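Since the structure comes first, as C-alpha cells, the remarks are kept for the end.
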Amino acid sequence: MSVNNLNIRRLLKEDIDKPSKELSIYLLGKILVRKLEGDTILKGRIVETESYLGGEDKASNTYNGRRTAANEPMYMPAGTTFVYMTYGMYHCINISSKEPGAAVLLRALEPLSGIEAMQKFRAQKMKSKKNEIKTSKLCDGPSKLCISMNITKQNLNKVDVTDPENREIWLEDDPEFEKENIKIVHTSRIGIASAGVEWASKPLRFYILNNDSVSKRDKVAEEDFHSDVDTS
DNA sequence: AGTCCGATTCGCT
DNA sequence: GCGAATCGGACTA
C-alpha cells in the first residue's frame with residue numbers, strides 16, 4: 001500500500017451529520033468512492049454540490065413537508081443516499097443531511113480513479129460512441145456522474161454511505177487536498193426555474209472555482225474573486 | 001385510470 | 001442554441 005493511502009479515511013456519521021447547506025460546502029474536495037463487482041474502484045473528487053431544503057424550498061422534493069415512499073430517504077439520517085430518476089432516463093444522487101427533508105445533490109466530480117470503467121459506462125449509453133470523452137467531461141453533471149459510477153435507483157437508493165461496512169459506496173477525506181487554497185463559488189441552482197424566481201435564485205449551489213469538471217460556470221458570481229483586477 | 005412533468009443529456013442545426 | 005428522448009410517480013377525479 002502506498003504511503004499516501006495511510007492518511008485517507010472514510011467519512012463517518014459524525015462528519016456528515018451537518019445541515020444541508022453546511023454539508024454542501026463541506027463535501028467539496030471530498031472523494032466519492034464506488035466499488036463495483038469484480039472489485040474495480042472508481043473515485044471522483046466532489047467539485048459541485050447543491051443544497052435542497054425541506055419545507056419552504058419550492059425546488060425540493062420535500063417542499064411543504066411532502067413525504068412519500070419515493071422521497072423517504074431525504075427524511076432519513078444524514079448520509080443516506082437518495083437516488084431518483086429524472087426525465088425518464090437519468091438518475092441523480094443526493095446525500096441526506098441533518099435536517100429531516102433536506103439533502104445535498106452531487107452535481108459534478110473530478111475523475112481520479114477508474115477512468116477506463118467510467119468511459120465504458122458513458123459510451124454504453126451514448127448513440128455516437130466514436131470519440132473518447134475528455135476525462136474532465138466524464139462526471140460534469142449530476143446524471144453523468146451517476147452513469148460513470150454506475151449509480152441507479154435500483155442499486156444504490158437508500159443506503160448509508162457512512163456505514164463502515166458499506167462495500168459499494170462511501171466517502172473519503174483527502175488529506176492531500178488543501179481546502180484553504182481553493183475558492184468556492186456560491187450561486188443559484190440549475191434546472192429549477194419552475195420553482196419560481198425566489199427559490200430558483202437563492203445561492204444554494206456551490207462549486208470549486210476553476211475546476212474543469214464543474215457542470216456550469218457562473219461568470220457573474222466568479223467576478224467576486226477578481227474584482228480588484230477589473231480594469232473597467 | 002388518465003394526465004402531466006421534470007434537480008438532464010445528447011445530437012443536430 | 002434547440003428540441004427530442006422517455007417513464008416513474010404525484011395528483012386529479
Side-chain angles (χ1 to χ4, degrees), chain A residues 20-21 23-25 27-28 32 44 46-75 80-97 99 101-109 111 118-158 185-207 212-219:
Chain A
S20 178
K21 193 170 163 181
L23 182 60
S24 293
I25 294 166
L27 287 178
L28 294 175
L32 179 67
I46 298 171
V47 299
E48 179 180 352
T49 56
E50 276 180 5
S51 182
Y52 284 85
L53 315 174
E56 302 269 288
D57 185 357
K58 289 191 177 169
S60 177
N61 279 277
T62 55
Y63 170 57
N64 206 22
R66 187 162 64 109
R67 186 167 185 164
T68 67
N71 70 17
E72 181 62 21
M74 288 187 72
Y75 291 93
T80 307
T81 58
F82 168 44
V83 183
Y84 68 92
M85 174 171 272
T86 188
Y87 292 94
M89 63 188 100
Y90 297 116
H91 291 279
C92 292
I93 183 170
N94 297 251
I95 307 291
S96 71
S97 57
E99 328 95 290
V104 175
L105 170 70
L106 303 185
R107 280 197 61 89
L109 308 175
M118 293 183 188
Q119 287 281 1
K120 198 187 59 167
F121 284 125
R122 287 292 304 288
Q124 269 174 15
K125 200 142 190 163
M126 284 193 290
K127 183 167 270 184
S128 64
K129 316 176 193 292
K130 315 253 174 175
N131 27 356
E132 176 150 298
I133 301 162
K134 263 181 74 179
T135 298
S136 63
K137 300 285 178 193
L138 282 169
C139 302
D140 63 338
S143 296
K144 289 185 189 176
L145 74 88
C146 284
I147 297 168
S148 289
M149 294 212 135
N150 193 32
I151 294 168
T152 67
K153 176 168 182 171
Q154 292 71 31
N155 63 21
L156 285 177
N157 187 36
K158 237 188 207 184
V185 181
H186 296 225
T187 181
S188 53
R189 294 174 293 181
I190 302 291
I192 54 160
S194 63
V197 281
E198 187 189 346
W199 282 93
S201 61
K202 287 199 187 291
L204 292 173
R205 182 165 72 103
F206 311 93
Y207 68 86
D212 288 340
S213 295
V214 167
S215 71
K216 196 169 191 296
R217 297 179 56 171
D218 181 338
K219 292 289 176 58

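All chains are named by letter (A, B, ...) in the order of the sequence lines, taking the proteins before the strands, and each is independently numbered beginning at 1. All values reported here derive from a predicted model rather than from experimental measurement. What's counted below: heavy atoms across the whole structure, side chains too, no hydrogens, waters or symmetry copies.
To the nearest 0.5 Å, atoms CD (A/E132) and CD (A/Q119) are separated by 4.0 Å. Note that the OH atom of A/Y207 and the CD atom of A/E50 stand 12.0 Å from one another [nearest 0.5 Å]. Summarising the geometry, atom OG belonging to A/S97 is positioned 7.5 Å from atom CE belonging to A/M74; distances are rounded to the nearest 0.5 Å.
Rounded to whole Å, atom P of C/dT6 lies 6 Å from atom CE of A/M89. The distance between atom NZ of A/K134 and atom C1' of B/dC10, rounded to the nearest whole Å, is 18 Å. Per the geometry, NZ belonging to A/K144 stands 9 Å off C1' belonging to B/dC10, to the nearest Å. Taking atom CE of residue A/M126 and atom P of nucleotide C/dA5, one finds them 19 Å apart after rounding to whole Å. Straight-line distance from the CG atom of A/D140 to the C1' atom of B/dC10: 13 Å, rounded to whole Å. Between the CG atom of A/N157 and the C1' atom of C/dG8 there is a distance of 13 Å, rounded to whole Å. Residue A/H91 contributes atom NE2, which lies 14 Å from atom C1' of B/dT9 at whole-angstrom precision. Rounded to an integer number of Å, the gap from CZ of A/R189 to C1' of B/dT8 is 16 Å.
Using a 4.5 Å heavy-atom cutoff, the side chains of A/N94 and A/N61 are not in contact. Using a 4.5 Å heavy-atom cutoff, the side chains of A/I192 and A/W199 are not in contact. The shortest side-chain heavy-atom distance between A/L106 and A/L32 falls under the 4.5 Å cut-off. At least one side-chain heavy atom of A/R205 sits under 4.5 Å from a side-chain heavy atom of A/I190.
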Any protein N or O atoms within reach of nucleotides 9-13 of chain C? Criterion: under 3.5 Å, listing atom names and distances.
unit_1, atom_1, unit_2, atom_2, d
C/dG9, OP1, A/K153, NZ, 2.7
C/dA10, OP1, A/T68, OG1, 2.8

Output a table of nitrogen or oxygen pairs between the protein and nucleotides 3-6 of chain B separated by less than 3.5 Å.
unit_1, atom_1, unit_2, atom_2, d
B/dG6, OP1, A/S194, OG, 3.4

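Here the side chain of A/R122 is nearest to one of C/dA5, B/dA7, B/dC10, namely B/dC10. Distances from the side chain of A/R107 to the nucleotides B/dT9, C/dA5, B/dT8 place B/dT8 closest.
Here the closest non-hydrogen pair linking A/L53 and A/S51 is CD2-OG, 3.4 Å.
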- prompt: Could you go step by step and tell me if A/R122 and A/L138 meet the side-chain contact (heavy atoms from CB on, under 4.5 Å) rule?
  reply: CA-CA 7 Å; A/R122 287 292 304 288; A/L138 282 169; 4.0 Å; yes
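A/I192 comes within 4.0 angstrom of the backbone, heavy atoms only, and of no base. At a threshold of 4.0 angstrom between heavy atoms, the contacts of A/R205 with the nucleic acid are absent.
Separating the C1' atom of B/dC5 from that of C/dG3 is a span of 16 Å, rounded to the nearest Å. Between C/dG1 and B/dA7, the two P atoms lie 23 Å apart (nearest whole Å).
Tested against A/S213, the residues A/I46, A/V47, A/T135 include a single side-chain contact (heavy atoms from CB on, under 4.5 Å) partner, A/V47.
Remark: the A/D218 side chain and the A/T187 side chain contain an N/O donor-acceptor pair separated by less than 3.5 Å.
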- prompt: So what does the secondary structure string of DNA chain B come out as, 5' to 3', with Watson-Crick or wobble pairs under 3.5 angstrom, [ ] for crossing and | for pairs with another strand?
  reply: ||||||.|||||.
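When the shell of 6.0 Å around NZ of A/K202 is examined, it contains more than 12 heavy atoms from other residues, nucleotides or ligands.
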